[in-house]
Amino acid sequence: MELTLTRPDDWHLHVRDTDALTTVIPHTARQFARAIIMPNLQPPVTTTKQALAYHQRILAAVPDGVHFTPLMTLYLTDQTTADDIIEAQASNRVQAVKLYPAGATTNSAAGVTEISKTWGALESMEEQGLPLLVHAEVTDPEIDVFDREQVFIDRHLQPLTQRFPQLKVVLEHVTTREGVQFVSSAPDTVAATITAHHLLLNRNAMFKGGLQPHSYCLPVLKRELHREALLAAAISGNRKFFLGTDSAPHTRERKESACGCAGIYTAHAALELYAQAFEDADALQQLEGFASHFGADFYGLPRNTDQITLVKKDWQVPDSYPLMGSALVPLFAGETLHWQVKAGSTD
Ligand code: NCD
Ligand code: ZN
């Protein structure tokens with residue numbers, strides 16, 4: 001069996017920098033035409049100048065003969081000004097701005113401490129039509145880690161969308177039923193990305209036979225009822241929900257540690273994993289809208305015109321890939337996947 005789609009895009013991706021790019025960029029560029037590149041480097045990408053330099057470093061890692069366009073983002077801080085936003089928009093390279101609540105996740109220490117401090121920047125984004133991408137979790141240690149998305153929506157996201165009604169907002173990597181409900185009932189300016197791992201796994205995956213660091217990410221995997229709500233949204237044909245892998249590479253040492261960091265790596269098999277989730281839900285016909293149309297439409301970018309073909313064919317995920325002199329353990333390492341992107345598939 002084969003499935004041919006418009007070439008998809010990844011609307012939420014971490015690729016890191018320097019040597020890591022040579023491992024992870026070919027994985028993404030093999031299947032996606034474009035990807036929204038997250039700015040949580042160390043130091044973070046807070047200026048257009050930094051974003052343009054990062055863009056060049058990413059392009060240098062794209063294999064010869066492959067077309068891949070990194071779509072750059074800025075990392076919002078308490079200090080980001082309206083002028084920074086105007087400069088970003090004028091660059092034609094910066095496509096969005098990412099809000100990390102300070103301390104919410106990997107490399108978020110320089111993030112926003114209080115959303116009201118960013119109102120000047122948000123107003124400018126609203127005027128310029130530059131989308132705000134939100135890591136929607138509160139950092140309040142009193143709040144249960146499994147409830148942090150819902151509490152963020154109630155305390156911060158709902159009021160923010162009311163204060164800035166024209167601002168395009170993406171609830172990144174939505175993980176809960178409440179998140180899906182919020183986005184579904186919000187105006188068309190509000191959308192969400194959904195990861196492959198949140199469609200395929202529930203929180204049991206973190207504890208299967210022992211503690212499983214490679215199934216730990218943020219926002220953390222949730223209960224089965226939330227996975228079901230995400231899957232229902234993804235296959236619904238609702239244009240507010242589109243593909244964003246949140247593939248987040250870390251070395252084995254940083255994952256398999258007494259304090260392992262958050263991030264699941266899926267770029268090695270991203271489209272294949274989504275195809276599996278959609279097939280399991282008997283909804284393969286809905287994959288193209290979710291993976292290849294709705295994100296571009298939301299961002300106001302043209303849809304891709306070339307195509308990609310998936311083949312139903314078993315293959316084994318490698319145990320690891322090389323990363324920065326160490327190893328990168330991908331999701332489902334050593335396991336068999338049933339879909340495979342046909343090599344070199346195009347137009
Ligand atoms: C991401 C990372 O490693 O940069 N980790 C993750 O678990 N998703 C950061 C993020 O998107 O939260
Ligand atoms: Zn992310």
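Numbering starts at 1 and runs along the sequence shown. In listed order, ligands and their atoms are each counted from 1.
Note: His173 and His135 meet the aromatic proximity criterion, with ring centroids under 6.0 Å apart. If you look at Tyr265 and His250, their ring centroids are not closer than 6.0 Å.
The distance from ligand 1 to the heavy atoms of His173 drops below 4.0 Å at these ligand atoms: 11 (O). Each of the atoms 3 (O), 5 (N), 6 (C), 7 (O) of ligand 1 lies under 4.0 Å from some heavy atom of Ala262. Near Gly263, with a cut-off below 4.0 Å to any heavy atom, the atoms of ligand 1 are 5 (N), 6 (C), 7 (O). Near His135, meaning under 4.0 Å from one of its heavy atoms, ligand 1 places the atoms 12 (O). Close contacts between ligand 1 and Cys217 involve ligand atoms 7 (O) [criterion: under 4.0 Å to a heavy atom]. Within the listing of ligand 1, atoms 11 (O) sit less than 4.0 angstrom from a heavy atom of His12.
Only side-chain heavy atoms of Ala248 come within less than 4.0 Å of ligand 1; its backbone N, CA, C and O stay farther off. The residue Met38 has no part lying near ligand 1, judged by heavy-atom distances below 4.0 Å. Residue contacts with ligand 1, taken as heavy atom pairs separated by less than 4.0 Å, involve Arg16 solely via side-chain atoms from C-beta onward. Neither the backbone nor the side chain of Glu172 has any atom closer than 4.0 Å to an atom of ligand 1 (non-hydrogen atoms only).
Side chain of Ser108 to main chain of Gly103: a donor-acceptor pair is present (N/O by atom type, distance under 3.5 Å, no hydrogens or angles). The main-chain N or O of Ala88 is found under 3.5 Å from a side-chain atom of Ser91 such that the two form a donor-acceptor pair.
Annotation: His250 places an N or O atom under 3.5 Å from an N or O atom of ligand 1; distance criterion only. Below 3.5 Å of separation, one finds an N or O of Thr105 facing an N or O of ligand 1. Residue-to-ligand polar distances place Leu218 within reach of ligand 1: an N/O pair is separated by less than 3.5 Å. Backbone and side-chain nitrogen or oxygen atoms of Asn40 are examined, and one is located within less than 3.5 angstrom of a nitrogen or oxygen of ligand 1.
Scanning both residues, Asn202 and Arg227, for their nearest heavy atoms gives N-CD, 4.2 Å.
Considering only non-hydrogen protein atoms, atom 8 (N) of ligand 1 sits nearest to Asp246 OD2, 2.7 Å. Atom 1 (C) of ligand 1 has its closest protein heavy atom at His14 NE2, 3.7 Å.
Cation-pi check for Lys240 over Phe294 is not met; the charged atom does not lie both under 6.0 angstrom from the ring centroid and within 45 degrees of its normal. A cation-pi contact, defined as under 6.0 Å to the ring centre and within 45° of the axis, is absent between Arg223 and Phe146.
At least one side-chain heavy atom of Trp11 sits less than 4.5 Å from a side-chain heavy atom of Tyr299.
Exactly one of Tyr274, Phe242, Phe241, Phe298 qualifies for a ring pair (Phe, Tyr, Trp, His ring centres under 6.0 Å) with Phe290. That residue is Tyr274.
Trp315 and His268 have perpendicular rings, their planes meeting at more than 60° on a 0 to 90° scale where under 30° would count as parallel.
Between the side chains of Thr4 and Thr309, a donor-acceptor pair is found at a separation under 3.5 Å.
When distances from the Zn ion (ligand 2) to the N, O or S atoms of Asp246 are compared, OD1 comes out shortest.
Vertex the Zn ion (ligand 2), arms ending at NE2 of His14 and NE2 of His12: the angle is 110° after rounding to 10 degrees.
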